[in-house]
Amino acid sequence: MPRAIVLLLQGVLLGGSYGGIFLLGWWASGNTSAEVAATSAVPAEQQKKVVNLRKQLGRLPDDPDLLLELITTQLQQGDLQAAYDHLQALRRKHPQRWQLSLLAAELLRSSGELTAAQQKIQGLLAVDPDNLSLLRLYCRILLERGEADRAESVAEAAWQRVQPPEPPDPDMESTVDAVPYGLLLADVRRAQGKVGAADRLLEQMIDRSQRKEMDPRPLIAQAMLRQDNGDLEAAQQLLAEARQHGDPVTIQWLDILSRRWSLELTHALATQTPGTQLPLTSP
C-alpha cells in the first residue's frame, strides 16, 4: 500500500505519470518485484528525518518536494493518520486536484475506514463517473466490503459505456482508451474467483487489439492470470509476446517481472517430485 500511494502522490505533486504498476490497476501492483520496491529506513532514522522535514516545512510550507518526502516517510513508518492529516492540508491548498481526495480515500481504505473511503469516492464519482482511478478504488472498496456483485456491476457498466457503437460509425472515432476499463472488469472477476470469465474477456480484448495495432496490456493481464493459476511457462510466453509490442518503459517493467517469474519457475522445477508435471491450468 505505501508504495502505491507514494507513486500516485509523485504523479499528483510532481506532474509525473502513474505509469508502471498502474498499467493494470491493483492487480499489477501486487505483482511488482522487490527490485523496484522502496526500502524502509530504521525507525530511529525515520523519526529524525520527520523532525528535520517538519522544520524545513516551517520555512518552506508550500514546497511540494518536502511535503512528498514527509508523507512518504510517514507512510513508511506506518503512521497513516499523520500522512492523512498532511494530505488533507495539501488538499485544502489545492482543491482543484481531485487526485488528492483519491489518495485520502486510499489512506482511509488502508486504515480500515471502508465506509468513509466509500463515501468520499462516491462523492467524486458523482462529478466524474467514468474516472478510471476512482472506479478502481471504488471497486476495490466494494470487494473488501463483501459487495462483489456490486463491484462487478459497477465495472461492467463502465466497460459498456466506453464501447464503440454497433455498427461502427466511420465518421466518429472514439478518443476513449477502453482497454483499462476492460482490465478493471477482468480484475474484479479474477478477485471474485471467476477466472474463466476474466480470461474470456481478456481473449476478447486481445482479438480486438489484433485488428489494429497490438496492445500489450491484455496480454500482460492474461500472463498474470496464468501465473496466478500456476501455469508458469504460459505466463512467460505471454510476457514475451507482450514485450514485442511494448514501449521502452513497459519493456523495462516486463523484464523485471519476467526475471522474478523465471526464478519462481526454476524453484518450482527444482522442488518438483520426479515423475510429476507442473500444473497447466486452463481457466
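In this chain, numbering begins with 1 at the start of the sequence shown.
- Distance check: R145 CZ to E147 CD gives 5.5 Å after rounding to the nearest 0.5 Å.
- With values rounded to the nearest 0.5 angstrom, T250 atom OG1 is found 3.5 Å from D247 atom CG.
- Judged by distance alone, the side chains of D85 and Q81 do bring a donor and an acceptor atom under 3.5 Å apart.
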- Are E152 and L185 close enough, and set up right, to give a side-chain contact (heavy atoms from CB on, under 4.5 Å), and what steps lead you there? CA-CA 7 Å; E152 185 172 359; L185 177 56; 4.1 Å; yes
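- For the atom pair CD1 (I251) and CD (Q244), the distance works out to 9.5 Å, reported to the nearest 0.5 Å.
- Side-chain N or O atoms of Q236 include one that pairs as donor or acceptor with a backbone N or O of S258 at under 3.5 Å.
- Residues R150 and Y138 bring a donor and an acceptor atom of their side chains to less than 3.5 Å of each other.
- Atom CG of L102 is separated from atom CD of Q99 by 7.5 Å, given to the nearest 0.5 angstrom.
- W253 and W261 fall within the same hydrophobic cluster, defined by Ile, Leu, Val, Met, Phe, Trp and Tyr side-chain heavy atoms under 4.5 Å apart, directly or through other members.
- Atom CZ of R259 is separated from atom CG of L239 by 12.0 Å, given to the nearest 0.5 angstrom.
- The hydrophobic clustering, which links ILVMFWY residues whose side-chain heavy atoms are closer than 4.5 Å, places L201 and V176 together.
- Residues L238 and L232 fall into different hydrophobic clusters, defined by Ile, Leu, Val, Met, Phe, Trp and Tyr side chains chained together at heavy-atom separations under 4.5 Å.
- Salt-bridge check for E203 with R200: failed, with every basic side-chain N at 4.0 Å or more from each acidic carboxylate O.
- Taking both residues in full, the closest heavy atoms of L114 and I141 are given as O-CG2, 3.9 Å, listed atom of the first, atom of the second, then distance.
- The 12-atom threshold is not exceeded at CD of Q252, counting heavy atoms of other residues, nucleotides or ligands nearer than 6.0 Å.
- The two residues A105 and A117 have their closest heavy-atom pair at O-CB, 3.4 Å.
- The heavy-atom pair separating I121 from L134 by the smallest distance is CG2-O, 3.7 Å.
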- Message: What verdict does the salt bridge (Lys or Arg N to Asp or Glu O under 4.0 Å) test give for R136 and D187, after you've listed the backbone C-alpha separation in whole Å, the side-chain angles of each residue and the deciding distance to 0.1 Å?
- Response: CA-CA 10 Å; R136 282 173 178 157; D187 207 355; over 6 Å; no
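- Of all heavy-atom pairs spanning L142 and Q118, the tightest one is CD2-NE2, 4.0 Å.
- To the nearest 0.5 Å, atoms CD (E106) and OH (Y84) are separated by 12.5 Å.
- Salt bridge E144/R140: present, at least one basic N to carboxylate O contact under 4.0 Å.
- Using a 4.0 Å cut-off between a side-chain N of Lys or Arg and a carboxylate O of Asp or Glu, E156 and R161 do not qualify as a salt bridge.
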- Using the side-chain contact (heavy atoms from CB on, under 4.5 Å) rule, take W98 and V127 through it: C-alpha gap first, then chi angles, then the decisive distance, then the call. CA-CA 10 Å; W98 59 266; V127 178; over 6 Å; no
- Message: Run the side-chain contact (heavy atoms from CB on, under 4.5 Å) test on M214 and I206 for me, step by step, so that the C-alpha distance in whole Å, both residues' side-chain angles and the decisive distance to 0.1 Å come before the verdict.
- Response: CA-CA 8 Å; M214 190 66 178; I206 291 169; 3.6 Å; yes
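- The two atoms that bring A148 and Q192 nearest to each other are CB-NE2, 3.4 Å, heavy atoms only.
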- Go through the steps to decide whether L107 and E113 satisfy the test side-chain contact (heavy atoms from CB on, under 4.5 Å), and finish with yes or no. CA-CA 9 Å; L107 277 174; E113 300 289 339; over 6 Å; no
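- Cluster annotation: L137 and V154 are assigned to the same hydrophobic cluster (Ile/Leu/Val/Met/Phe/Trp/Tyr, side-chain heavy-atom contacts under 4.5 Å, transitive).
- Closest non-hydrogen pair, V188 versus C139, comes out as CG2-CB, 3.9 Å.
- For N229 (side chain) and L225 (main-chain N/O), a donor-acceptor pair under 3.5 Å exists by modelled atom type.
- Under the 4.5 Å side-chain heavy-atom criterion for grouping Ile, Leu, Val, Met, Phe, Trp and Tyr, Y181 is connected to L183 within one hydrophobic cluster.
- In the model, Q119 has no side-chain atom that pairs as donor or acceptor with a side-chain atom of T115 under 3.5 Å.
- For R208, the salt bridge (Lys or Arg N to Asp or Glu O under 4.0 Å) test picks out no residue, with sequence neighbours left out.
- In summary, D199 and R189 do not engage in a salt bridge, as defined by a charged side-chain N under 4.0 Å from a carboxylate O.
- Using a 4.0 Å cut-off between charged nitrogen and carboxylate oxygen, R217 and D177 count as a salt-bridge pair.
- A salt bridge does not link R226 to E233: none of the charged nitrogens lies less than 4.0 Å from a carboxylate oxygen.
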